[in-house]
2 protein chains.
Amino acid sequence: MLDDLDRRLLESLIKDSRTSLKELAQQVGLSSPSVAERLRRLEDRGVIRAFTVEIDPQALGYTLQAIVRIRPLPGKLHIVQKLIEEIPEFGECDKVTGDDCFVARLFVRSIGDLDKLLDRIADKAETSTAIIKAQPIRRRPPPLGATASSKP
Amino acid sequence: MLDDLDRRLLESLIKDSRTSLKELAQQVGLSSPSVAERLRRLEDRGVIRAFTVEIDPQALGYTLQAIVRIRPLPGKLHIVQKLIEEIPEFGECDKVTGDDCFVARLFVRSIGDLDKLLDRIADKAETSTAIIKAQPIRRRPPPLGATASSKP
DNA sequence: GGCGTCGGTCCAGATCGTCCAGCATTTGAC
DNA sequence: GTCAAATGCTGGACGATCTGGACCGACGCC
């Protein structure tokens, strides 16, 4: 799926996506046109979804994060989902199996803000909120290594 | 905290962090040295944590994601945390208030893999697992707008 | 008013990216 | 086994981009 060169390119780009083609090229031992071509293909194949920037919420004043589990009241599922999508403070939301329909991450500046935001969905869903005290693992990609699950 | 120019630069970089300084410059109406200088300052201030690349887990064969809530058995908290950190399939882990001590995201290739990974912590913690069925909101940064929470 | 600082521009030399032609290796058909 | 096509790489040339330095104006502070 990915060869060793692709993997090394991705590793470098995960660390710094603004690395120049030339430098990537020397890191993996190719010419820069080859690297450009490989990156283009990784994008085409959808392996690279985007080159982006990681922003520190703290630095923007979002000193608090919470994980919110959301159980919409009967018949309110779609309204709730739409509501969540429209609130930009939700930084992530997954629809999951089990009692909790959604699990979402919320960025807020204060407990007051948290309360205000949750109030907006309180009449359409039950929520349980857990404040994040620490982040042992910050968002990271899955392992790139050995894509050998089908090979015997 | 951030002025309008910074915000626009960040917006552009969130969409594509490989955008050239020159193009960023025309987008916000500055010269490219100024843009370079602003980016440098955003990094210094810690607003920009990293330029990185978003990888599609599906494209690497990780067809399944799960949210796992983890309650270490008495006295096992640190061992469990260390274990989690060392398993690269955990793509995210937060330490939270409440009964569940950790909430983590797991990337796996199959239900079998899920079972195998959870077995590795089964004797040190109780876990509840929810399979992700859909992602209404994929990871996104908090709103950059109007950093005016302290101003009356 | 004088002065330092901050944030900006402009310019030139250095660096980088892209295009293209050409070469080696692999693949598949016969 | 051989040929042709396809694939993936390289090197060089040229245009685009980045970088560092000189300089400038606005602002706040003695």
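Residue numbers begin at 1 in each chain, while the letters A, B, ... track the order of the sequences. No experiment lies behind these values; they were computed from the predicted model shown.
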Rounded to whole Å, how long is the line connecting atom [atom1] of [X] with atom [atom2] of [N]?
{"X": "B:Asp44", "N": "C:dG7", "atom1": "CG", "atom2": "P", "answer": "12 Å"}
{"X": "B:Leu24", "N": "D:dT17", "atom1": "CG", "atom2": "P", "answer": "12 Å"}
{"X": "A:Arg38", "N": "D:dT7", "atom1": "CZ", "atom2": "P", "answer": "15 Å"}
{"X": "B:Leu21", "N": "D:dA16", "atom1": "CG", "atom2": "P", "answer": "17 Å"}
{"X": "A:Glu23", "N": "D:dC18", "atom1": "CD", "atom2": "C1'", "answer": "14 Å"}
{"X": "B:Lys22", "N": "C:dT18", "atom1": "NZ", "atom2": "P", "answer": "13 Å"}
{"X": "B:Arg40", "N": "D:dG20", "atom1": "CZ", "atom2": "P", "answer": "11 Å"}

Original post:
Between B:Glu86 and B:Lys82, is the closest basic N to carboxylate O distance under 4.0 Å?
Top reply: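 Here B:Lys82 pairs with B:Glu86 in a salt bridge, since their nearest N and O are under 4.0 Å apart.
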
Checklist entry - Ion pair present between A:Arg139 and B:Asp94, side-chain N to carboxylate O less than 4.0 angstrom? => result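 Salt bridge: no.
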
Does a donor on one side chain sit under 3.5 Å from an acceptor on the other, for [X] and [Y]?
{"X": "B:Arg105", "Y": "B:Gln65", "value": "yes"}
{"X": "A:Thr52", "Y": "B:Glu54", "value": "no"}
{"X": "B:Ser17", "Y": "A:Ser17", "value": "yes"}

With a 4.0 Å cutoff (strictly under), does any side-chain N or O of [X] reach OP1 or OP2 of [N]?
{"X": "A:Arg41", "N": "D:dG8", "value": "yes"}
{"X": "B:Ser31", "N": "C:dT9", "value": "yes"}
{"X": "A:Ser34", "N": "D:dT10", "value": "yes"}

Heavy-atom nearest nucleotide on DNA chain D for A:Arg18 versus A:Glu37: which residue maps closer to 5'?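 Nearest nucleotide further toward 5': that of A:Glu37.
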
Query raised in the report: Looking at the side chain of A:Leu30, which of C:dT18, C:dC16, D:dC9 is the nearest nucleotide?
Result: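 Closest of the options to the side chain of A:Leu30: D:dC9.
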
### Message
Main chain of B:Thr127, side chain of B:Arg71: is a donor-acceptor contact present, judged purely on distance under 3.5 Å?
### Response
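No, because the side chain of B:Arg71 does not come within donor-acceptor range (under 3.5 Å) of the backbone of B:Thr127.
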
Begin with the C-alpha distance, continue with both residues' side-chain angles, and end with the deciding distance and a verdict on salt bridge (charged side-chain N to carboxylate O under 4.0 Å, His left out) for A:Glu37 and A:Arg41. CA-CA 6 Å; A:Glu37 176 65 11; A:Arg41 275 185 338 238; 3.6 Å; yes

Using atom names, set out every protein N or O paired with an N or O of nucleotides 21-27 of chain D below 3.5 Å, distance rounded to 0.1 Å.
none

